[in-house]
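To find a chain, count down the sequence lines: A is the first, B the second, and so on, and within it residues start at 1.
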There are 2 protein chains.
Amino acid sequence: MLEEMPGSLGTSASLALRLGQTLFSSASLFFMCLDVNFYGYTAFCFLVTVMGLVIPWSLTLGLVDGYSVFVKRPTRQPGVMTVIVVGDWVLSFLSLGAACSTASVAQVMMAEMVPPCPVKICSRYSISAAMAFLSWFLSFASSLFNLWILPKL
Amino acid sequence: MLEEMPGSLGTSASLALRLGQTLFSSASLFFMCLDVNFYGYTAFCFLVTVMGLVIPWSLTLGLVDGYSVFVKRPTRQPGVMTVIVVGDWVLSFLSLGAACSTASVAQVMMAEMVPPCPVKICSRYSISAAMAFLSWFLSFASSLFNLWILPKL
C-alpha cells in the first residue's frame with residue numbers, strides 16, 4: 001500500500017516515541033506529586049492535569065504500536081488517523097503550556113519568595129518542568145510524523 | 001495554477017490574520033512595557049523578546065500579502081513557503097510559551113507576593129498575557145493554512 005514513514009502510527013520508531021512520552025510524563029508527574037504540595041499553585045495543578053491526560057493517551061497508542069510491530073499490521077483509516085493527529089496536537093500544546101508555566105513559576109519562587117523556597121523542593125519543580133518539556137518535544141514529533149502521512153491516506 | 005486556499009500567503013484572509021497578529025502582539029508589548037518594570041522577571045523579559053520578534057515578522061508578511069492582494073500576485077516558491085511555515089511555527093510555539101509563562105507568573109504574583117502586587121500593575125500583566133494568547137492563536141492559524149498548501153506546490 002503506502003511506503004513506510006518512520007515515526008507514523010504502527011512503526012517501531014513510533015513505539016519508541018510513545019514509550020519516551022510515557023516515561024518523561026510519568027517522571028514529570030512523579031517529581032511534581034511526590035512529597036511536594038503542588039495544589040497551592042494553579043500552574044502546578046495544570047501540569048498535573050495535563051500529564052494525567054498525556055500518560056494514558058501515550059500508553060494506549062504505544063500498545064497499538066506494539067501490537068502492530070510484533071503481531072499484525074492493522075490498516076490505517078483516515079478518520080482514526082485524523083483523531084490521533086488532532087489529539088497529539090492538542091496534547092502537545094497543553095504540555096508546552098504546562099511546562100512553560102511550571103518553569104517560570106519555579107523560577108519566580110526561587111528568586112522572589114519570602115521566605116525563600118527550599119532548594120530541595122524548588123529543584124524538584126524545575127526537574128518536573130524539564131521532563132514536561134521533553135515529553136512535549138516527543139509528542140510534537142509524533143504529531144508531525146502522523147500529520148505527514150495524513151494527505152497520502 | 002493551484003486553487004485558492006483562503007488564509008495561505010497572498011490572500012486577503014492571510015492579510016487579515018497578519019494584521020491581527022501585529023495588532024495583538026503590539027498590544028501585548030504595550031501593556032507589558034509601558035509604565036511597568038518588566039525586567040525583574042525572566043518570564044516577562046521572554047514575552048518582550050518574543051513579541052519583539054513577532055511584530056516585524058508579521059508586519060513583513062502582512063506587507064507581502066497586501067502587495068499580493070492589491071497590486072500583483074507573485075508566484076509562490078516551495079523554498080520560500082517552507083521558510084515561512086517553519087518561521088510561523090517557531091514563533092507560534094514561542095508566543096504560546098511566553099503567554100503561558102506570563103499568565104502563570106501574574107497569577108502567582110497576585111496570589112502569593114508579600115506585599116501583594118498592586119491591582120493596576122497585575123491586571124496589566126494579565127491583559128498582556130491574554131493579548132499574547134490571541135497573537136499565538138492567529139499565528140498558529142497562519143502556519144496551519146500555509147502548511148496545508150505546502151505539499152501541493
Side-chain angles (χ1 to χ4, degrees), chain A residues 5 37-50 82 85-86 89-117 122 125-126 128-130 132-133 136-137 139-141 143-144 146-153, chain B residues 5 37-50 82 85-86 89-117 122 125-126 128-130 132-133 136-137 139-141 143-144 146-153:
Chain A
M5 170 75 194
N37 64 333
F38 64 86
Y39 38 83
Y41 297 89
T42 315
F44 298 162
C45 292
F46 181 47
L47 183 81
V48 169
T49 314
V50 171
T82 310
V85 168
V86 171
W89 271 51
V90 171
L91 284 179
S92 91
F93 276 120
L94 287 177
S95 334
L96 177 65
C100 285
S101 302
T102 307
S104 54
V105 170
Q107 195 270 333
V108 166
M109 284 171 75
M110 276 191 263
E112 298 281 324
M113 239 171 68
V114 185
C117 167
C122 262
Y125 291 144
S126 309
S128 178
F133 269 117
W136 159 68
F137 187 74
S139 101
F140 179 57
S143 81
L144 271 191
N146 281 324
L147 184 71
W148 194 253
I149 65 158
L150 199 55
K152 292 182 198 136
L153 289 181
Chain B
M5 170 76 194
N37 64 333
F38 64 86
Y39 37 82
Y41 297 89
T42 315
F44 297 162
C45 292
F46 181 46
L47 182 82
V48 169
T49 313
V50 171
T82 310
V85 168
V86 171
W89 271 52
V90 171
L91 284 179
S92 91
F93 276 120
L94 287 177
S95 332
L96 177 65
C100 284
S101 302
T102 307
S104 54
V105 169
Q107 195 270 333
V108 166
M109 284 171 75
M110 275 191 263
E112 298 280 325
M113 240 171 69
V114 185
C117 167
C122 261
Y125 292 145
S126 309
S128 176
F133 269 115
W136 160 67
F137 187 74
S139 100
F140 178 57
S143 80
L144 271 190
N146 282 325
L147 184 72
W148 195 254
I149 64 157
L150 199 55
K152 293 183 197 133
L153 288 182

- Task: Give the minimum heavy-atom separation between A132(B) and S95(B), together with the two atoms involved.
- Result: O-CB, 4.5 Å

- Message: Before you tell me yes or no, could you show the steps for L96(A) and F133(A) under side chain to side chain contact (heavy atoms under 4.5 Å, CB included), namely the whole-Å CA-CA distance, both residues' side-chain angles and the distance that decides it to 0.1 Å?
- Response: CA-CA 6 Å; L96(A) 177 65; F133(A) 269 117; 3.9 Å; yes

- Message: Quick check on the interface: out of W148(B), Y41(B), F46(B), who has the most heavy-atom pairs with chain A under 4.5 Å?
- Response: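 Of the options given, most contacts go to Y41(B).
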
- From CG (L147(B)) to OG1 (T82(B)), nearest 0.5 Å: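 Atom-to-atom, L147(B):CG and T82(B):OG1 are 9.5 Å apart.
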
- Do F140(B) and F93(B) have ring centres separated by under 6.0 Å? no

- Item | Contact leader toward chain B among V108(A), T102(A), T42(A), where contacts are heavy-atom pairs under 4.5 Å | T42(A)

- Choice from A43(A), A103(A), S104(A), A99(A) maximising heavy atom contacts with chain B below 4.5 Å: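 The candidate making the most pairs under 4.5 Å is S104(A).
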
